[in-house]
Amino acid sequence: MCSFASNFRGAHLRLNRMITQQVRRAFVSSHRDRGRQKRDFRRLWITRINAATRIYKVFDSYSKLIHNLYKNELILNRKMLAQVAVLNPNNLYTISNKIKTIN
Amino acid sequence: MAAAPPAFTGNLKKALAGLRRINLDGLRWRVFDAKGQVLGRLASQIAVVLQGKDKPTYAPHVENGDMCVVLNAKDISVTGRKMTDKIYYWHTGYIGHLKERRLKDQMERDPTEVIRKAVLRMLPRNRLRDDRDRKLRIFSGGEHPFHDRPLEPFVMPPRQVREMRPRARRALIRAQKKEQANRAAAESAKDEEDSKTAKAEVKV
């Protein structure tokens, strides 16, 4: 446990009482935030996809894009879409065009 | 081919304040024209651009918004009776010192503060808020000292204006009819005068 606390700050890594407390808190945070991490990243992807769809003007917003994705039974999830939006903006444009026309 | 841009009268120091602190590498300079725009609707668009939420590379811990230049702040419009009835309140910290100021008075003192308050209060209250404030430059007239930068005008999204309420519409129609009547009366009065002077000339 002392090695787990070896990069804590001040008394939190030197004094036994503090080490036990702080290590416990660290584990609790870690457990709780593993669940939060999934939420946070999905939020980030949604914001990015929203921004990207508004640039290309094929769809007016993220909501319309997702609606059309579901209508056409595409299983691209938001993580992939967000990466596509950042790295390959043209691909996102073609995907959304394809969806719109198939519609 | 642009003619020499009008010389920037006004506080140059204030306009260029803190520009060095901002990392201006990939940022665009967006120009918002506030003439005739509704205050809150414009402010929400500015806030979105300022946070960088219109870029696919948005990250919440990084400040990546574009520079926003707002022109013609004194021509901003508000609906309803907000010009006289919207009051800005603030408390100085001393007991009993709740101060207030109306929109009208604020526009007389400093029209840029109106837009600045509106935008700042729409930004999230976190550590990036001050940096975003530094990226926002507001000018009450149409001149600005940033003519040597690559400026991009911002096109406001189309707005669905709500249909006028029946009472307001009736008031508007009454006002228009009154104006027409006044104009007709003025014209007829002018015609009479003209005919009188014509008669005078003829007599002479």
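All heavy atoms count here, side chains included; hydrogens, waters and symmetry mates do not. Every chain is numbered from 1 and lettered A, B, ... according to where its sequence line falls, protein lines coming before strand lines.
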Margin query: Looking at B:His91, I want to see if its NE2 is surrounded by more than 12 non-hydrogen atoms of other residues, nucleotides or ligands under 6.0 Å.
Written below: yes
Margin query: Heavy-atom cut-off 4.5 Å, strictly under: side chain, backbone, both or neither for B:Lys53 against chain A?
Written below: both
Note to self: Atom OH of residue position A:Tyr56 - does it have more than 12 heavy atoms of other residues, nucleotides or ligands inside 6.0 Å?
What the structure shows: yes
Checklist line | Heavy-atom side-chain proximity of A:Leu44 to B:Tyr58 below 4.5 angstrom | finding: yes
Item checked: pair A:Arg54-B:Asp54: side-chain heavy atoms closer than 4.5 Å -> no
Note to self: Looking at A:Arg36, I'd like to know if its CZ atom is crowded, meaning that more than 12 non-hydrogen atoms belonging to other residues, nucleotides or ligands lie closer than 6.0 Å.
What the structure shows: no
Notebook entry, point to check: Does CZ belonging to B:Arg101 count more than 12 external heavy atoms closer than 6.0 Å?
Noted result: yes
